[in-house]
Student: 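I'd like to ask some things about the structure below.
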Amino acid sequence: MADNLFALTRRRVVEALSRIVPDLPSEIAARVEVTPTRDPAHGDMATNAALLAAKPARRKPAEIAAALATALSGLDGIARAVPAGPGFVNITLSPDALRAVVPVVLAEGIAFGDSAIGHGTRINVEYVSANPTGPMHVGHCRGAVVGDALANLLAKAGFGVVKEYYVNDAGAQVAALAWVVYWRYLQALGTGLSEAAFETLVPGGALQYRGDYLIPLGRALAEQKADTLAGPGLTAAAPDLWFDSVRDFSLAWMLREIREDLALLGVRHEIFTSEREILARGVADQAIDRLDAAGLLYEGVLEPPKGKVMADWEARPQTLFRATQFGDDVDRPLRKSDGSNTYFANDIGYHADKIARGADVLIDVLGADHGGYVSRMRSAVAAIAASYAASGSVAFEAVICQIVHVIKDGQPVRMSKRAGTFVTLRDLLEEVGRDAVRFTMLTRKPDAQMEFDLDLAVAQTRDNPVFYVQYAHARCRSVLRAAAETPAFGDVTASGLATAGLDDLSSEPELALLRRLSHWPRLVEGAAEAREPHRIAFYLNDLAGDFHALWNRGRDDATLRFLQAGQPDATRAKLALVEATATVIRSGLAVLGVTPVEEMR
RNA sequence: GCGCCCUUAGCUCAGUCGGAUAGAGCAACAGCCUUCUAAGCUGUGGGUCGGUGGUUCGAAUCCACCAGGGCGCGCCA
């Protein structure tokens, strides 16, 4: 039996259909679907094949459906196939065909559901990429979890995945960071300089990043360097004396903090790419030169944005990239008026680097505030792929993560450091724990705003999906532990149960659970193609629901309890189902990066 | 003003490249512990899928326009 009942059945449907409609166009055949039915009265699966074939065949859908139903009815594992509605064919599988999923799951373990639809296509998933100027906060967290789960999901679906973090360590923000840390350093030394006086020295005339979190950096720097970076009398020294070392010290510190936060969240990037390094290696310049050589750059003047007040706007010639040739609304500037690169220009270099390292698809997981950036990056990737990719083309995709509103006691939490309400990722982790954070962040479509209810995330109730799914897994493990104590039940490990006879599994709630398990490979493929890891969380919630329902039916009907004293064969069949359920839950939790719970007491 | 995203039950949200009578949880009401975990389960009620047109065998889904919410709009990242 194939891993994926739906894929197998689909092949059979297409085969039968092509006999009924001999000159079936291949593009029609490609659109044939075999889907789970919404209504159990419609059987296990339905196909739209006859509806699709009707037009090219110039025959009535019902007529083709009838023929298709007849053809399918005789096949092994199909108990019944009947035409229905406007031209569907409803398929009811034999119980044996449903049961066959169990030994497959037990043999494959959490690898069950692995798919080959990715065909090894190399996908680079870039996520988090928080600026190393401050601690990670709740906003970064969603992108981190979504990106990580998406990467896991794509890997499970057979893509060759690279998880990457882009460190923006070259811009003006990093310079601003260095200035603040230097100020904290002088303070730690006990400078007599006033903050106002110091600010007159700062480029731009004002300190940024005023949060207390930089005070420890100043202290550490003071311990490490004593007063060697300060001017006479603990005043500010000339920047060329201290700037590089303070900047490097600060970057290293912040990046270490970020990596620690990510580790606590269970996120592990394979590659950290430094913007400074991209610049130092000349990657950005080279990418821009190639765009220039391709005739895609010019000096021009952009129209002022309409409907937005820009007090200091004036017409200026700039180096522009012809993004409009690739579908963007407007051409985009690559150089600031001081001649340095825009963020976009450097990012072109970075994306060129990702392509040069070998990627067929680039996915950027971005916050909602970067939504306006997508069209220009897509244009740039299309333009540079021609000269960096062996195939000459690379797809660029963006997964946009909307804002997270934190709710506590039914009220929105105001993000305020002064008020002591938490803002950082670390606080969130301490409050609800890693698994709850990850799972909860994945219970919404990425591009929909979400409310993160702190109380719900740790609640031990049905409406908390984290708990509900974990509870189902714990119950599975509990039964298996109990079974292991009765020698008459035999070997109740996964491998021991893989050979169990399953004929006893015939009640409706058991069949419903089998059906759900059989959906898993199909669900993985759909979620991966749609880049929607939240579907995994919803599936697990449904699967847990089927299991809890079966569990409770055992209260009314003793024959549905998993452990049947004196009936080792029936018990082993049920235990195999329990083990398979636990395994698929673990398979899904692994994608989400959530640890399964063995016991809840 | 322009672009992108969103609008589904009282609330929070699913809804499979267009598929059958639009689903789940919460809240409300009625039931289920002599039992492998009642931290759970079962049932009932609840909908002009923001609005109006269009495309077709079929639209919550695709297209156009409109209303409401979010994000963005040269030298920030």
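Labels below follow one simple rule: chain letters A, B, ... track the order of the sequence lines, proteins then strands, and each chain is numbered from 1.
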Student: Under 3.5 Å for both donor-acceptor distances, Watson-Crick or wobble: does B:C36 have a partner, and if so which one?
Tutor: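 Partner of B:C36: none found under 3.5 Å.
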Student: Considering only side-chain heavy atoms of A:A84, which listed nucleotide, B:C17, B:A20, B:U35, is closest?
Tutor: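 Out of B:C17, B:A20, B:U35, the nucleotide with an atom closest to A:A84's side chain is B:A20.
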Student: Looking only at the side chain of A:F88 (C-beta and beyond, no hydrogens), which of the listed nucleotides B:G19, B:C6, B:G15 gets closest?
Tutor: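 The answer is B:G19, which lies nearest to the side chain.
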Student: Would you check if A:H42 stacks with the base of B:A20, given a 5.5 Å centroid limit and a 30° plane limit, both strict?
Tutor: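 Per 5.5 Å and 30° rule: yes, stacked.
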Student: Can a side chain N or O of A:K445 be found less than 4.0 Å away from OP1 or OP2 on B:G15?
Tutor: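 Yes.
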Student: Among the nucleotides B:G40, B:G15, B:A20, which one has an atom lying closest to any side-chain atom of A:E532?
Tutor: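 Looking only at heavy atoms from C-beta outward on A:E532, the closest nucleotide is B:G15.
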Student: So which one's nearest nucleotide on RNA chain B is more toward 5', A:M600 or A:A30?
Tutor: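 Whichever sits nearer the 5' end wins; that is A:A30.
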Student: Using the C1' atoms only, state how far B:G25 lies from B:A9, rounded to an integer number of Å.
Tutor: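 The answer is 12 Å between these two C1' atoms.
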Student: With sugar-phosphate meaning primed atoms plus P, OP1 and OP2, does A:A565 contact a base, only sugar-phosphate, or nothing at under 4.0 Å between heavy atoms?
Tutor: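 Result for A:A565 = nothing.
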Student: Does A:E303 reach a base, just sugar-phosphate, or nothing at all? Heavy atoms under 4.0 Å.
Tutor: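 No contact.
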Student: Please determine, for B:U7, whether a Watson-Crick or G-U wobble partner exists with both distances under 3.5 Å, and give it or none.
Tutor: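 Because both required distances fall under 3.5 Å, B:U7 counts as paired with B:A67.
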Student: Any base atoms under 4.0 Å from A:A46, or only sugar-phosphate, or nothing? Heavy atoms, all strands.
Tutor: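 Contact class for A:A46: base.
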Student: Would you tell me if any nitrogen or oxygen in the side chain of A:R462 comes within less than 4.0 Å of OP1 or OP2 on B:C41?
Tutor: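 Answer is yes, contact under 4.0 Å.
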Student: Can you tell me how far C1' in B:C4 sits from the matching atom in B:C29, rounded to whole Å?
Tutor: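 Comparing C1' positions in B:C4 and B:C29 gives a spacing of 44 Å.
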Student: Kindly indicate whether a cation-pi arrangement holds for A:R332 with A:F344, taking the cut-offs as under 6.0 Å to the six-membered ring centre and within 45° of the axis.
Tutor: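 The answer is no; the distance or angle limit is not met.
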Student: Would you measure the distance from the C1' atom in B:A64 across to the matching atom in B:G47 and give it in whole Å?
Tutor: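 Between the two C1' atoms, the distance is 26 Å.
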Student: Determine, for A:E508 against A:R553, whether the closest basic-nitrogen to carboxylate-oxygen distance falls under 4.0 angstrom.
Tutor: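 Salt bridge: no.
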Student: Which nucleotide sits closest to the side chain of A:K336: B:G3, B:A77, B:C17?
Tutor: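 Nearest to the side chain of A:K336 among the choices is B:A77.
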Student: Quick one: which of B:C57, B:C36, B:A77 gets closest to the side chain of A:V479?
Tutor: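 For A:V479, the side-chain atoms sit closest to B:C36.
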Student: At 4.0 Å (heavy atoms only), tell me whether A:Y373 reaches a base, stays on the sugar-phosphate, or touches nothing.
Tutor: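 It contacts base atoms.
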Student: Syn or anti for B:C66, given that syn means the glycosidic angle lies within 90° of 0?
Tutor: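 Anti, angle beyond 90° from zero.
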Student: Counting only side-chain heavy atoms from C-beta out, which of B:A77, B:A14, B:A20 sits nearest to A:R444?
Tutor: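 Looking only at side-chain atoms, A:R444 lies closest to B:A14.
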Student: Report yes if a donor N or O on one partner sits less than 3.5 Å from an acceptor N or O on the other, where the partners are the side chain of A:H534 and the base of B:A14; otherwise report no.
Tutor: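 Checked by distance alone, the answer is no.
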Student: Among B:C13, B:U37, B:C57, which nucleotide has an atom closest to any side-chain atom of A:P86?
Tutor: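 For A:P86, the side-chain atoms sit closest to B:C57.
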Student: With a 4.0 Å cutoff (strictly under), does any side-chain N or O of A:R38 reach OP1 or OP2 of B:G15?
Tutor: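 The answer is no; no side-chain N or O of A:R38 sits under 4.0 Å from OP1 or OP2.
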Student: Is there a donor on the side chain of A:N541 or the base of B:A14 sitting less than 3.5 Å from an acceptor on the other?
Tutor: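 When only heavy-atom distances are counted, A:N541 does not reach the base of B:A14 through any donor-acceptor pair under 3.5 Å.
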Student: Tell me whether the OP1 or OP2 atom of B:C57 has a side-chain N or O from A:K55 closer than 4.0 Å.
Tutor: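 For B:C57, OP1 or OP2 has a side-chain N or O of A:K55 closer than 4.0 Å.
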Student: Is any side-chain N or O of A:S478 closer than 4.0 Å to OP1 or OP2 of B:U37?
Tutor: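 For A:S478, the contact criterion (side-chain N or O under 4.0 Å from OP1 or OP2 of B:U37) is met.
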Student: For a quick check of understanding: with a heavy-atom distance under 4.0 Å over all strands, which category does A:A459 fall into, base, sugar-phosphate or nothing?
Tutor: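 Nothing: the residue A:A459, judged by heavy atoms under 4.0 Å, touches no strand.
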Student: Is the closest side-chain donor-acceptor distance between A:E525 and A:S115 under 3.5 Å?
Tutor: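 Yes, side-chain donor-acceptor contact under 3.5 Å.
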Student: Measuring from the side chain of A:Y468 (C-beta onward, heavy atoms only), which nucleotide among B:A20, B:C36, B:G40 has the closest atom?
Tutor: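 Nearest to the side-chain atoms of A:Y468, counting from C-beta on, is B:G40.
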Student: Are any of the side-chain nitrogens in A:R531 or A:E397 under 4.0 Å away from the carboxylate oxygens of its partner?
Tutor: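 Counted as a salt bridge, because a side-chain N and a carboxylate O are separated by less than 4.0 Å.
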Student: What nucleic acid atoms does A:Y343 come within less than 4.0 Å of, heavy atoms only: base, sugar-phosphate, or nothing?
Tutor: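 The residue A:Y343 makes base contact.
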Student: Can you tell me the Watson-Crick or wobble partner of B:C41, both distances under 3.5 angstrom?
Tutor: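 Partner of B:C41: B:G31.
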Student: Given the structure, check if the side chain of A:R535 and the base of B:U16 hold any donor-acceptor pair shorter than 3.5 Å.
Tutor: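 Not at all, since no donor on one side and acceptor on the other fall under 3.5 Å apart.
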Student: Side chains of A:E33 and A:T47: do they bring a donor and an acceptor to under 3.5 Å?
Tutor: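 Judged by distance alone, the side chains do not pair up.
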Student: Are any non-hydrogen side-chain atoms of A:R516 and A:Y539 less than 4.5 angstrom apart?
Tutor: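 A:R516 reaches A:Y539 side chain to side chain.
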Student: Taking atom types as modelled and ignoring hydrogens, do the side chains of A:D44 and A:T92 form a donor-acceptor contact shorter than 3.5 angstrom?
Tutor: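 There is no such pair (donor and acceptor under 3.5 Å, judged by atom type) between the side chains of A:D44 and A:T92.
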Student: Say we look at B:C63 and B:U56: how far apart would their C1' atoms be, to the nearest angstrom?
Tutor: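 Result for the C1' pair: 13 Å, nearest Å.
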Student: Counting only side-chain heavy atoms from C-beta out, which of B:U37, B:A14, B:C71 sits nearest to A:A448?
Tutor: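 That would be B:A14.
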Student: Assess whether one donor atom and one acceptor atom, taken from the side chain of A:N552 and the base of B:G40, lie less than 3.5 Å apart.
Tutor: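 Flag set: donor-acceptor pair detected.
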Student: Could you check whether A:E529 pairs with A:R535 (Lys NZ or Arg NE/NH1/NH2 to Asp/Glu carboxylate O, under 4.0 Å)?
Tutor: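 No, this pair does not count.
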Student: Looking only at atom P, what distance separates B:G46 and B:A24, rounded to whole Å?
Tutor: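 Comparing P positions in B:G46 and B:A24 gives a spacing of 14 Å.
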Student: Which listed nucleotide (B:C41, B:U37, B:C26) is nearest to the side chain of A:D463?
Tutor: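 Out of B:C41, B:U37, B:C26, the nucleotide with an atom closest to A:D463's side chain is B:C26.
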Student: Can you check the distance between B:U52 and B:A60, where both ends of the measurement are the P atom (answer in whole Å)?
Tutor: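 13 Å, rounded to whole Å.
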